[in-house]
Amino acid sequence: MLARHSLLNFAMKITLIAAISADGKIAEKADQSSLDWTSKEDTQFFIETTKQAGTVVMGRKTFATINKPLKGRRLIILTSNPSQDAPMPGVEFTSEGPAELVRRLADEGVAQLALAGGSSVYGQFLKAGLVTDVYLTIEPILFGAGVPLAQGFGRIPLKLESIKQLNEQSILLHYQIKI
Ligand SMILES: NC(=O)c1ccc[n+]([C@@H]2O[C@H](COP(=O)([O-])OP(=O)(O)OC[C@H]3O[C@@H](n4cnc5c(N)ncnc54)[C@H](OP(=O)(O)O)[C@@H]3O)[C@@H](O)[C@H]2O)c1
């Protein structure tokens with residue numbers, strides 16, 4: 001499904017991809033790498049889906065947990081201070097907000113965008129109405145505390161498109177945002 005924002009003249013598939021604990025957290029602590037607790041099947045799904053999208057957006061704090069380019073994908077990092085980061089091949093730093101960034105990418109001919117977190121990036125794109133698809137891998141763990149998937153927006157109804165069992169323990173849900 002393609003998003004058609006009422007204020008902007010673009011059409012783009014914008015996919016939120018996240019692994020969550022069974023209590024809905026994307027991390028136990030803000031500086032934690034997701035690879036600490038997610039399955040190899042989820043990592044494989046992330047690689048395939050982001051390669052298919054071609055362009056990936058990530059917040060600066062999430063980037064700090066990996067601190068390297070994503071092979072075969074254009075990686076755009078949101079930060080309020082793009083000039084402080086050392087240049088890295090395949091990685092772009094920008095202080096654009098979601099609508100401004102999506103409009104520029106649409107002008108460049110980008111048709112698909114993958115949102116790779118973290119919580120603040122998911123929340124801003126959801127609030128701006130700039131997400132078309134949501135992929136959630138539920139991993140078999142409870143954190144009891146931690147970083148929520150996203151917040152800062154009102155109710156957003158979803159349409160369940162598919163459920164896939166990635167391995168004996170992990171489930172992948174695909175939702176579309178109901179417009
Ligand atoms: N389980 C998963 O699937 C998954 C996926 C991704 C991340 N995570 C986890 O999520 C946590 C990080 O999430 P988070 O919400 O704390 O941080 P985040 O979204 O990764 O990064 C936040 C930072 O991004 C920059 N930023 C965000 N929006 C911006 C905007 N509109 N304009 C300019 N800069 C902007 C700011 O950087 P500056 O401070 O440089 O201005 C901000 O401090 C980590 O623990 C990570 O492991 C989990």
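Side chains included, hydrogens not; waters and symmetry mates left out as well; all remaining heavy atoms used.
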Visitor: side-chain contact (heavy atoms from CB on, under 4.5 Å) for Leu126 and Ile177? Distances and angles first, verdict last.
Guide: CA-CA 9 Å; Leu126 285 165; Ile177 302 274; 4.0 Å; yes
Visitor: Would you please name every residue forming a side chain to side chain donor-acceptor pair (under 3.5 Å) with Glu139, sequence neighbours left out?
Guide: Ser39, Ser170
Visitor: Is there a path of hydrophobic side-chain contacts, each under 4.5 Å between heavy atoms, that joins Tyr135 and Leu16?
Guide: no
Visitor: So do the side chains of Ser34 and Thr65 get within less than 4.5 Å of each other, counting heavy atoms only?
Guide: no
Visitor: Nearest 0.5 Å, what's the OG-CZ distance between Ser80 and Phe93?
Guide: 12.5 Å
Visitor: Only one of His174, Gln112, Lys13 clears side chain to side chain donor-acceptor pair (under 3.5 Å) with Asp133; which?
Guide: His174
Visitor: Check Glu108 with Arg104, please: is the shortest side-chain N to carboxylate O separation under 4.0 Å?
Guide: yes
Visitor: Hey, any chance Leu158 and Leu160 share a hydrophobic cluster, counting ILVMFWY side chains that come within less than 4.5 Å of each other, even indirectly?
Guide: yes
Visitor: Does atom CD (Glu168) have a neighbourhood of more than 12 heavy atoms from anything else shown, all under 6.0 Å?
Guide: no
Visitor: Between Leu78 and Val91, is there a shared hydrophobic cluster once you connect ILVMFWY residues whose side-chain heavy atoms come closer than 4.5 Å?
Guide: no
Visitor: Nearest heavy-atom pair of Ser21 and Ile141: which atoms, and what distance?
Guide: CB-O, 3.3 Å
Visitor: Given 3.5 Å as the limit, does a donor-acceptor pair link the side chain of Thr132 with the main chain of Ile14, or not?
Guide: yes
Visitor: How long is the span from the CG atom in Leu35 to the CG atom in Asp42, to the nearest 0.5 Å?
Guide: 9.0 Å
Visitor: Indicate yes or no for a side-chain donor-acceptor contact from Thr55 to the backbone of Leu113 under 3.5 Å, with no hydrogens or angles considered.
Guide: no
Visitor: Please report the interatomic distance CD1(Ile77) to OG1(Thr62), rounded to the nearest 0.5 Å.
Guide: 8.5 Å
Visitor: Verify the cluster assignment for Val121 and Leu75: are they in a single hydrophobic cluster under the rule of side-chain heavy atoms below 4.5 Å apart?
Guide: no
Visitor: Is any side-chain heavy atom of Leu105 closer than 4.5 Å to a side-chain heavy atom of Glu96?
Guide: no
Visitor: With rounding to the nearest 0.5 Å, note down the distance linking CE in Met58 to CG in Leu115.
Guide: 10.5 Å
Visitor: Can you tell me how far NZ of Lys68 sits from CE of Met88, rounded to the nearest 0.5 angstrom?
Guide: 11.0 Å
Visitor: State, with a plain yes or no, whether a side-chain heavy atom of Ile171 is found less than 4.5 Å away from one of Leu166.
Guide: no
Visitor: For the NZ atom of Lys178 and the CD1 atom of Ile156, what is their distance to the nearest 0.5 Å?
Guide: 13.0 Å
Visitor: Between Gln124 and Ser120 (side chain of the first, backbone of the second, donor and acceptor by atom type, cut-off under 3.5 Å), is there such a pair?
Guide: yes
Visitor: When you measure from the side chain of Tyr122 to the backbone of Ile17, do you find a donor-acceptor pair of N or O atoms at a distance under 3.5 Å?
Guide: yes
Visitor: Find out whether Thr38 and Phe46 are in side-chain contact, i.e. whether some heavy atom of one side chain is under 4.5 Å from a heavy atom of the other.
Guide: no
Visitor: Consider only side-chain heavy atoms of I, L, V, M, F, W and Y, link residues closer than 4.5 Å, and tell whether Ile20 and Leu173 are in one cluster.
Guide: yes
Visitor: Within a strict 4.5 Å, meaning less than it, do heavy atoms of the Glu28 and Asp36 side chains meet?
Guide: no
Visitor: Looking just at side-chain N and O atoms, do Ser83 and Asn81 make a donor-acceptor pair shorter than 3.5 Å?
Guide: yes
Visitor: Between Ala114 and Thr50, what is the shortest heavy-atom contact and its length?
Guide: CB-CG2, 3.9 Å
Visitor: Are Phe63 and Thr79 close enough that some pair of their side-chain heavy atoms sits under 4.5 Å apart?
Guide: no
Visitor: Given side chains that start at C-beta, do those of Ile47 and Arg73 come closer than 4.5 Å, heavy atoms only?
Guide: yes
Visitor: Please test Thr94 against Glu100 for side-chain contact (heavy atoms from CB on, under 4.5 Å), starting from the C-alpha separation and ending with a verdict.
Guide: CA-CA 11 Å; Thr94 181; Glu100 195 183 358; over 6 Å; no
Visitor: Can a donor-acceptor pair be found, under 3.5 Å and without considering hydrogens, that links the side chain of Asp23 to the backbone of Gly144?
Guide: yes
Visitor: Side-chain contact test, heavy atoms from C-beta onward, threshold under 4.5 Å: evaluate it for Gln32 versus Trp37 and give yes or no.
Guide: yes
